[in-house]
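This structure is a prediction, so every number in the text was calculated from the model and none was measured. Both counts, for ligands and for their atoms, begin at 1 and track the order of listing.
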Amino acid sequence: MKWAVLVGGTGSNLRALLEHRVDVGVVISHRTGVGALEIADSFGVPWRVLTAREYPDRDHYGEVLRHALAEFDVNAIALAGFLRWLDDETVNRYRNCILNVHPSLLPAFPGLNAVQQALDYGVRCTGVTVHIVDEGQDSGPIVAQEPVAIEPDDTEESLLPRIHAVEHRIYPQAVRAFDQGLISISGRLVKYAGG
Ligand code: GRF
């Protein structure tokens with residue numbers, strides 16, 4: 001499959017996907033000047049920036065986004081730090097072919113600042129979820145999850161590297177499983193062929 005990776009930050013997950021030889025046709029960022037674009041450059045992957053300032057209307061943003069996806073002939077999308085909501089038409093067009101990585105054990109702590117949310121709540125364990133993107137917020141079927149223990153004196157700063165280490169391992173694994181046709185989705189249930 002040819003993937004678009006949608007970013008907005010440092011791009012560490014983009015790097016992990018590229019290092020695992022995921023075929024990334026284009027990187028699309030909702031912010032200018034972010035590290036993810038430098039990473040795209042360093043791997044020779046073309047990129048586009050579509051900011052909310054340029055396209056404030058969500059449907060129009062979706063239209064421009066779909067145009068870019070079609071231009072690069074991608075058939076699947078991996079979100080990695082992309083903080084714009086996808087419009088319904090884009091979700092529909094790429095139904096079950098859009099993945100996201102989220103830094104909590106969903107359905108706990110959806111949305112922004114998930115790591116800090118977990119620390120504030122006082123849970124002893126959080127983690128990472130890879131899920132299919134649907135129309136809701138971090139609500140689609142779960143493809144992969146792995147827990148990360150929270151130590152009593154953890155801060156966001158000390159916990160984040162352990163979360164990221166898990167993301168960089170399980171996100172490429174999930175994307176590669178998609179590539180190999182090992183994943184089937186029925187309602188909320190995601191099955192891996194052969195295990
Ligand atoms: C990751 O922590 C991911 O879980 C969240 O956004 C962050 C992106 O980080 N969705 P990076 O830009 O891949 O380093």
Side-chain angles (χ1 to χ4, degrees), residues 3-43 45-52 65 76-86 90-91 94 97-121 123 125-150 154-176 178:
W3 293 79
V5 182
L6 274 49
V7 299
T10 58
S12 65
N13 282 285
L14 169 65
R15 180 189 291 284
L17 294 173
L18 288 165
E19 284 175 351
H20 284 80
R21 302 186 187 287
V22 171
D23 181 6
V24 180
V26 64
V27 169
I28 298 176
S29 174
H30 69 92
R31 288 169 66 204
T32 54
V34 289
L37 299 177
E38 284 172 31
I39 292 170
D41 270 340
S42 70
F43 281 82
V45 177
W47 52 263
R48 295 279 184 274
V49 174
L50 307 176
T51 65
L65 176 64
I77 301 171
L79 306 186
F82 184 74
L83 299 182
R84 285 281 295 179
W85 278 77
L86 293 181
T90 302
V91 173
Y94 294 89
C97 292
I98 310 176
L99 293 182
N100 183 38
V101 62
H102 182 80
S104 77
L105 291 177
L106 290 171
F109 313 123
L112 292 176
N113 304 319
V115 175
Q116 191 59 51
Q117 285 186 57
L119 288 165
D120 293 344
Y121 197 96
V123 291
C125 183
T126 185
V128 173
T129 303
V130 177
H131 67 94
I132 305 283
V133 172
D134 64 10
E135 286 82 355
Q137 186 183 40
D138 300 324
S139 59
I142 290 170
V143 176
Q145 265 184 328
E146 192 170 305
V148 174
I150 297 182
D154 259 333
T155 60
E156 191 171 16
E157 205 182 16
S158 63
L159 178 54
L160 258 176
R162 304 205 304 278
I163 298 263
H164 279 144
V166 172
E167 289 182 347
H168 300 161
R169 183 161 38 77
I170 73 170
Y171 203 20
Q173 273 172 6
V175 167
R176 294 308 304 264
F178 258 78

For [atom], what's the nearest protein heavy-atom neighbour? Residue, atom name and distance, please.
atom	result
atom 4 (O) of ligand 1	E167 OE2, 2.4 Å
atom 12 (O) of ligand 1	G11 N, 2.7 Å
atom 9 (O) of ligand 1	N13 ND2, 3.9 Å
atom 6 (O) of ligand 1	G81 CA, 3.4 Å

Show the atoms of ligand 1 that are less than 4.0 angstrom away from any heavy atom in [X].
X	result
P103	4 (O)
H164	2 (O)
T10	11 (P), 12 (O), 14 (O)

> Taking both backbone and side-chain atoms of V101, is any N or O found less than 3.5 Å from an N or O belonging to ligand 1?
Replying inline: yes
> Should G9 be counted as touching ligand 1, given the test is an N or O pair under 3.5 Å?
Replying inline: no
Heavy atom of [X], distance to ligand 1 below 4.0 Å:
X	result
V7	no
R15	no
A36	no

> Does Y94 reach the side chain of V133, with side-chain heavy atoms less than 4.5 Å apart?
Replying inline: no
As an exercise, state the distance from [atom1] of [X] to [atom2] of [Y], rounded to the nearest 0.5 Å.
X	Y	atom1	atom2	value
L6	R84	CG	CZ	11.5 Å
E167	N13	CD	CG	4.5 Å
E146	I170	CD	CD1	5.5 Å
F43	L17	CZ	CG	10.0 Å
I163	S104	CD1	OG	8.0 Å
Q145	H131	CD	NE2	10.0 Å

> Above 12 or not: heavy atoms from other molecules or residues under 6.0 Å from CD of E135?
Replying inline: yes
